[in-house]
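Take a look at the structure set out below.
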Amino acid sequence: MEPSALTLTSLRLSTTCSTKFPRDQNQTNPPKSYAQIPKRSSGPVSKGLQKDSKKDLSRILRTDAAIKGIARKANSRKYTQLWPKAVLEALDEAIRENQWQTALKIFGLLRKQHWYDARCQTYTRLLVMLGKCRQPEQASLLFEILLSEGLRPTVDVYTALLSAYGQSGFLDKALSTLDDMKSVSECKPDVYTYSILINCCTKFCHFDLIGQILAEMSFLGIECSTVTYNTIIDGYGKAEMFELMENTLTDMIESETCLPDVFTLNTLVGAYGNSGQIEKMEKWYDEFLLMGLKPDIKTFNILIKSYGKAGMYEKMRSVTDYMEKRFFSPTTVTFNTVIDVFGKAGNIERMDEYFKKMKHQGIKPNSITYCSLVRAYSKVGLITKVDSILRQVENSDVILDTPFFNCIISAYGQAGDVKKMRELFLEMKERECKPDNITFATMIQAYNAQGMTEAAEKLVNKMIATKESTGTRLTGH
DNA sequence: GTCGGTAATC
């Protein structure tokens with residue numbers, strides 16, 4: 001019953017780095033308009049506008065019409081008299097949710113307020129968000145605005161800018177930012193800056209730079225922190241460079257200033273677990289516990305995923321049982337992991353069972369949950385179940401993203417339901433989800449599979465047209 | 001302002 005011999009035999013060694021660190025292929029061309037919003041001195045007071053409350057702003061953040069509303073306000077010269085609290089809280093929320101277009105629009109609105117006081121801290125938060133969203137060009141523009149406002153960038157600002165470049169793979173730009181920092185006396189790079197830089201290097205397989213960076217740090221008298229070590233360990237671990245990973249752990253322990261923490265534990269356990277080396281994973285887990293470290297919810301989620309991937313469902317179960325006994329509440333991630341494991345194994349019954357349990361425990365499914373479900377149903381040809389998921393999703397307030405639409409469009413495509421596919425494509429537009437290359441590729445493939453070559457060609461042209469219009473928007477104004 | 005856990009459709 002329990003297939004437990006799958007551990008090391010199913011180990012798949014990947015050949016190139018690029019397959020393991022897929023970059024975001026679907027970067028949309030962003031509007032640059034916010035950058036053009038001129039800072040205005042306070043205009044005429046328009047009384048009706050002050051009734052904008054925090055509630056209004058945060059509500060409209062969530063709806064399509066509202067984002068247009070914000071944009072309209074951001075572009076209108078009338079909206080210079082909003083309450084600070086409303087604008088600042090709306091900005092906070094947009095940043096927290098990584099809604100970068102909205103955040104930049106609100107920031108444009110903020111800059112027009114008569115009470116606006118330029119602060120580096122605001123810029124740092126925006127830059128960090130842009131880094132997360134892989135928007136290096138926007139980060140660059142934002143930095144220009146900061147300079148145009150006469151602000152002197154702080155170390156944080158520079159570090160966030162470096163991070164925004166590095167996370168998108170613009171390592172040359174990140175390095176030149178580092179050089180800029182070195183030339184400004186009060187903005188010297190510190191251990192944060194270097195840890196971030198190392199992280200970016202490993203994500204883009206520039207392991208050759210790690211040694212150089214560490215040498216430079218040592219030359220400048222900057223000591224590695226626990227985070228620095230964890231970052232390097234994670235980099236080697238994700239690249240399956242296990243020997244270097246363990247060597248780094250040894251360095252860390254020998255440094256005597258940086259002790260392994262729960263991040264180190266999770267990183268190592270995850271590296272071995274993800275590569276199917278269950279025995280090593282367990283060995284390190286036990287070892288870290290002996291060192292006195294305590295696992296957390298992420299540890300358990302990692303163990304569940306690793307056992308599930310290895311087909312060791314009994315062990316997976318023992319983790320969930322242990323969690324229950326120790327009152328570690330499962331999170332959305334826990335359920336998503338279990339659901340995905342059973343979905344990939346084609347075990348629809350158990351998958352459904354956990355989905356039910358998830359809802360029963362009051363844990364809200366998200367876009368990731370639905371992606372896994374749709375994929376699993378589609379794989380075994382249960383398209384009626386996909387219909388039911390779609391209905392559920394449409395009647396809920398779950399935020400649907402482009403990957404979800406791609407997933408469900410692909411499901412209907414594979415089922416040969418071209419009509420439904422088109423409907424969903426239109427629905428994407430209504431929900432302001434931008435179709436990306438994968439959306440188009442999925443639909444074109446489905447059309448071709450149905451022998452609808454004309455429709456496929458039409459879509460190819462549409463795709464090109466979309467690209468061009470975005471290009472125009474970029475260079476326009 | 002830094003490190004670890006979920007889906008990812010072509």
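Convention: sequence-line order gives letters A, B, ...; per-chain numbering from 1. Because the structure is predicted, anything quoted here is derived from the model rather than measured.
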Base, sugar-phosphate, or nothing for [X], non-hydrogen atoms under 4.0 angstrom?
X: T331(A); answer: base
X: R375(A); answer: sugar-phosphate
X: S410(A); answer: sugar-phosphate
X: V155(A); answer: base
X: K379(A); answer: nothing
X: L373(A); answer: nothing
X: V338(A); answer: nothing
X: Q414(A); answer: sugar-phosphate

**Message:** I'd like to know if D261(A) reaches the base of dG4(B) with its side chain such that a donor and an acceptor end up less than 3.5 angstrom apart.
**Reply:** no

**Donor-acceptor pair (no angle test) under 3.5 Å: D296(A) side chain, dG4(B) base** = yes

Which of these nucleotides, [options], is closest to any side-chain atom of [X]?
X: K298(A); options: dG4(B), dG1(B), dA8(B); answer: dG4(B)
X: Q445(A); options: dA7(B), dT6(B), dC10(B); answer: dC10(B)
X: T159(A); options: dT9(B), dA7(B), dG1(B); answer: dG1(B)
X: N199(A); options: dC10(B), dC3(B), dG4(B); answer: dC3(B)
X: T337(A); options: dT6(B), dG1(B), dA7(B); answer: dT6(B)
X: T442(A); options: dG4(B), dC10(B), dA8(B); answer: dC10(B)
X: D340(A); options: dG4(B), dT2(B), dA7(B); answer: dA7(B)
X: S225(A); options: dA7(B), dT2(B), dC10(B); answer: dT2(B)

Rounded distance (Å) that lies between atom [atom2] of [N] and atom [atom1] of [X]:
X: I196(A); N: dG4(B); atom1: CD1; atom2: P; value: 12 Å
X: M252(A); N: dC3(B); atom1: CE; atom2: C1'; value: 9 Å
X: Y370(A); N: dA8(B); atom1: OH; atom2: P; value: 17 Å
X: F263(A); N: dG4(B); atom1: CZ; atom2: C1'; value: 6 Å
X: N274(A); N: dT6(B); atom1: CG; atom2: C1'; value: 12 Å
X: N230(A); N: dT2(B); atom1: CG; atom2: C1'; value: 10 Å
X: M245(A); N: dC3(B); atom1: CE; atom2: C1'; value: 15 Å
X: M181(A); N: dT2(B); atom1: CE; atom2: P; value: 13 Å

**Prompt:** Do R96(A) and D92(A) pass the salt bridge (Lys or Arg N to Asp or Glu O under 4.0 Å) test, and can you show the C-alpha distance, the side-chain angles, and the key distance before you say yes or no?
**Reply:** CA-CA 6 Å; R96(A) 219 177 318 117; D92(A) 278 349; 5.4 Å; no

**Message:** Aromatic contact between Y236(A) and F207(A), with the criterion being ring centroids under 6.0 Å apart: yes or no?
**Reply:**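 Distance test on ring centres: under 6.0 Å, yes.
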
**Prompt:** Ring centres of Y123(A) and F107(A) under 6.0 Å apart?
**Reply:** yes

**Request:** Report the relative orientation of the aromatic rings in F300(A) and Y322(A); use parallel for angles under 30°, tilted for 30 to 60°, perpendicular for over 60°.
**Result:** tilted

**Request:** Going by the side chain to side chain donor-acceptor pair (under 3.5 Å) test, name the single residue among T159(A), N230(A), T228(A) that passes it with S195(A).
**Result:** T228(A)

Verify the contact: side-chain N or O of [X] to OP1 or OP2 of [N], cut-off strictly under 4.0 Å; return yes or no.
X: Q167(A); N: dC3(B); value: no
X: K309(A); N: dA7(B); value: no
X: K238(A); N: dG5(B); value: yes
X: K305(A); N: dT6(B); value: yes

**Prompt:** Just checking, is any N or O donor in the side chain of Y377(A) or D352(A) under 3.5 Å from an acceptor N or O on the other one?
**Reply:**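 A donor-acceptor contact under 3.5 Å links the two side chains.
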
**Within 6.0 Å of NZ in K458(A), more than 12 heavy atoms from elsewhere** =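 12 or below, so no.
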
